[in-house]
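Worksheet: the structure to be examined is printed underneath.
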Amino acid sequence: MKNDVISPEFDENGRAMRRIRSFVRRQGRLTKGQQHALDTLWPVMGVEYQSQPVEIASLFGREAHTVLEIGFGMGTSLVTMAQQHPEQNFIGIEVHSPGVGACLATAQEEGVDNLRVMCHDAVEVLETMIPDGSLDMVQLFFPDPWHKARHNKRRIVQTPFVELVRRKLKLGGVFHMATDWEPYAEHMLEVMTRVETYGNLSAEGNYVPRPESRPVTKFEMRGQRLGHGVWDLMFERKQ
């Protein structure tokens, strides 16, 4: 597995350009199990970044309903979804290698073979590798809310990003977001509502109840016990 999750860009003088990122890459230490999973399972389920479109059907050896998840953490809920829906294809993107290793290990333990994972900046992957109109759903669960006002510009849910996601979705495809930070939920709703080519699947025009397709994580269950809220947003590509 290549270790460069960000492709460098250079100005006309050959100097590296700094770009605003929605993530900070933490160099966490890999456990022996995570390293073993990367060594043995990455060649089977891992997908290296490339600067050209990939044929999604070729990754799985079939045409099927395809779900892409951005930032899957340790991969527990992503593996659960793939296990519960073997008729669907799942692609997960995560920049932290311990999470990628953990996801691969769990997928093997659960006998999941309809999952492919990447370790790269999701925005670059969407821009260069994912063909337009090829995804049935894009999932973004509990992204970093960047609480401080001066960091709000680093939130991944911004108009250019949601327009990029829309292009990758099929007509009728869905962008599903979830957050446990209410100000970020309000920000998401405001951004999504401004993009007229999406339609809100909430009957009230705001948030939807958690769909059965999104498993409840241990983190979320703990938050529920403490009285914390979670907000789900689902928007459909209309045109």
Problem - Side chain proximity check, E220 to R214, heavy atoms < 4.5 angstrom - result: yes

Problem - With sequence neighbours excluded, residues passing salt bridge (charged side-chain N to carboxylate O under 4.0 Å, His left out) with D136 - result: K170

Problem - Hydrophobic cluster partners of M221 (side-chain heavy atoms under 4.5 Å) - result: V216

Exercise for the section: Indicate yes or no: at least one non-hydrogen side-chain atom of H187 is less than 4.5 angstrom from one of T179. Expected result: no

Problem - Heavy-atom check, side chain of E94 versus side chain of C103, under 4.5 Å - result: no

Practice task
For T197, enumerate each residue passing the side chain to side chain donor-acceptor pair (under 3.5 Å) test, keeping only those at least two apart in sequence or located in another chain.
Solution key: R166

Handout entry: Any W42 side-chain heavy atom under 4.5 Å of V100 side chain
Key = yes

Problem - Q83: side chain to side chain donor-acceptor pair (under 3.5 Å) partners, not counting sequence neighbours - result: E110

Handout entry: D232 side chain to V208 backbone, donor-acceptor under 3.5 Å
Key = no

Practice task
Output yes when E163 and R167 qualify as a salt bridge under the 4.0 Å nitrogen-oxygen rule, no when they do not.
Solution key: no

Practice task
Answer yes or no: is there a side-chain heavy-atom contact under 4.5 Å between E69 and F90?
Solution key: no

Handout entry: Pairwise side-chain contact, D132 with K168, heavy-atom cut-off 4.5 Å (strictly under)
Key = yes

Handout entry: Minimum side-chain heavy-atom gap H228-D180 below 4.5 Å
Key = no

Problem - Those residues that, when tested against F161, pass ring pair (Phe, Tyr, Trp, His ring centres under 6.0 Å) (two or more places apart) - result: none

Handout entry: Check: V47 and V54 side chains under 4.5 Å, non-hydrogen atoms
Key = no

Exercise for the section: Quick one: list whatever passes salt bridge (charged side-chain N to carboxylate O under 4.0 Å, His left out) with E87, sequence neighbours left out. Expected result: none

Practice task
Please work out whether the ring planes of Y198 and F235 are parallel, tilted or perpendicular, with thresholds of 30° and 60°.
Solution key: perpendicular

